[in-house]
Amino acid sequence: MSDTTTGPVLAADGRPLKASLNRALRRQKLRAMMLIAPLLIFILVSFVMPIADMLFRSVENQIVSDTLPRTTALLPDWDGEGAPDDMIYEALARDLAVAVEAKAHTRLGSRLNYERTGISSLLRKTGRGVDEIGETPQDVLEGVNDIWKDRDAFGRLIGTSEWVDAINAWDGEDSSTRIAPEFNANSSFAEQFPGTTSLYASYVLQSVSEEDNPLGEKPWPILFHVLAQELPSATPPSDVPEELALALREAATALDGVVLDDPRAVFLDIDDDWGDQGVWTTIQTYGPAYTNGYFLNSIDMQKGLDGPEWRPENEQIYIVLFIRTMIMSLTIMGMCVLLGYPIAWLLANLPDRKANMLMILVLLPFWTSLLVRTSAWKVLLQQQGVINDVLVWIGIVADDGRLQLINNQTGTIIAMTHILLPFMILPLYSVMKTIPPSYLRAAKSLGATNWTAFWRVYFPQSVPGIGAGCILVFILSIGYYITPELVGGTKGVFISNRIAYHISSSLNWGLAAALGTILLAVVMLLYWMYDKIVGIDNVKLGG
Amino acid sequence: MKTTMKLMATTCLTLTATLAVAESHMADEMTIVSWGGAYSASQNNAYHMPYSEMTGVNIINDESSAEAVAKLRAMNEAGNVTWDVVDVVASDAIRLCDEGLALEIDFDEQLAPGDDGSTASDDFGDLLVSDCFIPQIVYSTTFGYRTDLVGDTAPTDICAVFDTETYPGMRSLEKRPINNMEWALLCDGVAKDDVYDVLETEEGQAQAFAKLDTIKDSVIWWSAGADTPQLLADGEVVMGSTYNGRLFALIEEQDQPVAMLWDAQVFDLGGWIIPTGLSPEREARALDYVRFATDTQRLADQAKYISYGPARASSAPLVGNHAELGIDMAPHMPTDPANAENTFLYNYEWWADYRDDLDAKFQVWLSQ
């Protein structure tokens, strides 16, 4: 028994030793962190963030509600039967008027065209015709009072006088200091004319984004349309400039009895499809800011009226491709093990001079361009190619029965096995190099046959190399797309070919991201299974 | 200490100087994106070199047109557009215009009038298929066949492609629905004017696939323009579709036993777009370049190097001889009246709508 155990151990300066030690360690940890910080930041910025951003696109769908905010706010209440009511056409007219000015309607068109064929041209066509809505009241008003021809009439009517001054001052400023003042609406006007105010706010945003003064630009005709609609039921506010208040009162009488443009009629006149329930269902279904539509699409399903449903049979492709990608990658991996193992064994056991020579032969194709190697296989494997010619010459196959070795799965497997073989040989070699030859000799001297010595003594020690090679080859082959595209024909292409197509041709990045996410998840799952069965500690990339 | 100071000062100065040089360098450099190969070479001879000589602007060639749409979108999202002028096909231009990635052009204002006095929009005529697209060349996707493998009767009709009895052997077709679906319907008795109306219906699509089914086992599907010429040269296929310029090179420059089938060939356009999001100076220079490169004489000049027809009507009479072979280029142009007797007009707008849907169906059909 000693009394030193009572109370905490103290350091020389009287503080508890534990705290003091922690402090010293913290500084060390901080220093270590700072040392790895450049790499960490680099990986975060150039690797993790782009991937996360790309994966996020698989659920992101804000484009619909951003482009059609008024319509998507109303659509959830639509019962989905027939065509929606006039309110929704009205909202669509306002949204599209804004979208056309921002040239966002065609972008929305290509987004929705992925879900329903024909919307792309429907929106392009509508964009050319929608701006006529509002021309009727505009003509009437401009005929009654010249003030409506002033470009700043709406601005002075709707905005507060402070905002009008601020925006005019902003327009005179130097371009480097230009941050536009926020739009401020006259609250009593906004209360009476909510639709006009909200549309004018969109108008201001659009002008400002083009660095133009909204008070100096021509107002959109649709503004007159909305104003004329709200006028009969509103009491014109008193705190607007006098001449405008007068003009508003005159307008109310002038517009009395004038038949306004009917957005529904205008839309149906542009294209009958606007009366089609299917078009509206698509906009309703893809209205929310986030969607599982891309994921459903990538497993051959689609969003139906009553939840997810299978796509028509002639559009189901992705599950087949996922399965094919897995099976073929496993086959390629197996071929690599079969071919790579003996070569690695030779490399590890031949005298150095010969082994070096062999090593160069392994590495040489590794340094050759992928495209060159793939094209070389084409020359070798095609029906009028070298291999078939030789077989015909020897007489193994008849001239009219030449083997089909390329543009099918065989071609993909042969070419990819060749390309990925070094990734199997190198880890195998580095592991085999560390197995002492004396073990085999010892086994044999104890009476084992050649086979037993190999199978019971040598092979188990080379398993970590096989594991590492398999993981490398499998993961690389699952993401290959150039080689399958060139030699795969129709049955030898992978899911990655579709991902590449959606990234570079169809621009359907959401679907590409969803397919990529699924592929990533499958690889992670396989990796986890591999860890459970073989154990990741049993993988060695080097001695 | 003094040395260190001196060293630092020198470094600073060098750095500033380099930056300044880079800045001024930027001002007289522009990146033009195209397809590479003989096509880029023809542009280099006909447009880039004279333009550089005239203005002193150094032109950098980038051969990324095949991925232009995706790359432009990525650049636009990143807010750093490094390309000044991009060569794309018409359907890509429509897509880029829809996405707001290409600049809208006022053709009469921003392009040179024709040498014959016509306005630019009259001179290009129907070829102005998008507000953002300045047509440059007319090319055709057509068939070439091996003269030594087709027997005594050379094919003169597109339907020879579907006639495996008279012309046994493999054919090569592009691995996408566009063009193939139209040809299938044409050869299944659908009138030329009705093709897209028929293809719009489920039955019409099934009909086209059924027709393609009859030759499915003897088709090699290509995805790069160089595939068919190589397959023809190797005797892998009896006939195959590709761009007429590639076939011209195969027949006239490489002297292969191949001939061209000018029937129901599909016209398509290549041309320029200018990306959105360029600084005003770069945009002005890009516009200046395309104004120069798409005038009547320049378009006719390009035809000296490659057998693609100039997009301006006023350029056609100026087309001369091939720069190296010295043969008259006019009979090799897809726009030549003798070749254009029976052409098929490709409907861009229709494909913009149906491409996604039909492509999915086509892929399923391929994998069955």
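Computed from a predicted structure; not experimentally measured. Proteins come first, then strands; the chains are lettered A, B, ... in the order of their sequence lines, and each starts at number 1.
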Check: Side chain, backbone, both or neither: which part of Gln205(B) has a non-hydrogen atom closer than 4.5 Å to chain A?
Finding: neither
Note to self: I need the minimum non-hydrogen distance between Ser506(A) and Asp356(B), along with the two atoms involved.
What the structure shows: CB-OD1, 3.8 Å
Next item on the list: In plain terms, say whether Glu349(B) and Arg124(A) are close enough for a salt bridge, that is, a side-chain N and a carboxylate O under 4.0 Å apart.
Entry: yes
Margin query: Which atoms of Arg311(A) are under 4.5 Å from chain B, going by heavy atoms: the side chain, the backbone, both sets, or neither?
Written below: neither
Next item on the list: Output yes when Arg107(A) and Asp98(B) qualify as a salt bridge under the 4.0 Å nitrogen-oxygen rule, no when they do not.
Entry: no
Checklist line | Leu507(A) CG to Arg95(B) CZ distance, which is reported to the nearest 0.5 Å | finding: 6.0 Å
Checklist line | Engaged part of Tyr501(A) at the chain B interface, taking heavy atoms whose separation is under 4.5 Å | finding: side chain
Checklist line | Region of Leu231(B) that comes under 4.5 Å of a non-hydrogen atom in chain A | finding: side chain
Next item on the list: Considering non-hydrogen atoms only, spot the tightest contact between Gln368(B) and Lys491(A) and give its length.
Entry: O-NZ, 3.5 Å
Checklist line | Contacting region of Asn113(A) [heavy-atom separation from chain B under 4.5 Å] | finding: both
Check: Taking all atoms of both residues into account, what is the closest heavy-atom pair of Ser504(A) and Ala70(B), and its distance?
Finding: CA-CB, 3.6 Å
Next item on the list: Decide yes or no for Ser505(A) and Arg355(B): does some side-chain heavy atom of the first lie under 4.5 Å from some side-chain heavy atom of the second?
Entry: yes
Checklist line | Within residues 211-224 of chain B, residues adjacent to chain A where the heavy-atom gap is under 4.5 Å | finding: Ile220(B), Trp221(B), Ser223(B)
Next item on the list: Go through the atoms of Asp92(B) and report whether side chain, backbone, both or neither lie under 4.5 Å from a heavy atom of chain A.
Entry: neither
Notebook entry, point to check: Are the charged groups of Asp353(B) and Arg116(A) less than 4.0 angstrom apart, N to O?
Noted result: no
Margin query: As an exercise: rank Gln382(A), Lys103(A), Arg402(A) by heavy-atom pairs under 4.5 Å with chain B and give me the winner.
Written below: Gln382(A)
Next item on the list: Indicate the atoms forming the closest heavy-atom contact of Cys97(B) with Thr106(A), along with that distance.
Entry: O-OG1, 4.2 Å
Note to self: Can you tell me how far apart OH (Tyr354(B)) and OG (Ser120(A)) are? Round to the nearest 0.5 Å.
What the structure shows: 11.5 Å
Notebook entry, point to check: Is atom CD of Glu210(A) surrounded by more than 12 heavy atoms (other residues, nucleotides or ligands) closer than 6.0 Å?
Noted result: yes
Note to self: Nearest 0.5 Å, please: how far is OG1 in Thr117(A) from CG in Asp357(B)?
What the structure shows: 3.5 Å
Margin query: Quick check on Leu101(B) against chain A: is it the side chain, the backbone, both or neither that has a heavy atom closer than 4.5 Å?
Written below: neither
Next item on the list: Name the region of Arg324(A), side chain, backbone, both or neither, that has any atom closer than 4.5 Å to a heavy atom of chain B.
Entry: side chain
Notebook entry, point to check: Does Tyr481(A) OH have over 12 foreign heavy atoms under 6.0 Å away?
Noted result: no
Notebook entry, point to check: For Lys175(B), is it the side chain, the backbone, both or neither that has a heavy atom under 4.5 Å from a heavy atom of chain A?
Noted result: side chain
Check: Are side-chain heavy atoms of Ser367(B) and Ile317(A) found at a separation under 4.5 Å?
Finding: yes
Next item on the list: Counting only heavy atoms closer than 4.5 Å, note whether Val493(A) contacts chain B via side chain, backbone, both or neither.
Entry: side chain
Check: Roughly how far, to the nearest 0.5 Å, is the CD atom of Gln363(B) from the CG atom of Asn314(A)?
Finding: 13.0 Å
Notebook entry, point to check: In terms of heavy-atom proximity below 4.5 Å to chain B, should Glu315(A) be classed as side chain, backbone, both, or neither?
Noted result: both
Next item on the list: For the pair Arg498(A) and Asp359(B), find out whether any cationic side-chain nitrogen is under 4.0 Å from an anionic carboxylate oxygen.
Entry: yes
Check: Is a side-chain N or O of Gln383(A) found less than 3.5 angstrom from the main chain of Glu236(B), in a donor-acceptor match?
Finding: no
Item checked: Crowding at CG, Asp126(B) (>12 non-hydrogen neighbours, <6.0 Å) -> no
Check: Taking C-beta and beyond as the side chain, do Lys378(A) and Asp234(B) meet within less than 4.5 Å on heavy atoms?
Finding: no
Notebook entry, point to check: Side chains of Glu99(B) and Ser110(A): is there a donor and an acceptor less than 3.5 Å apart?
Noted result: yes
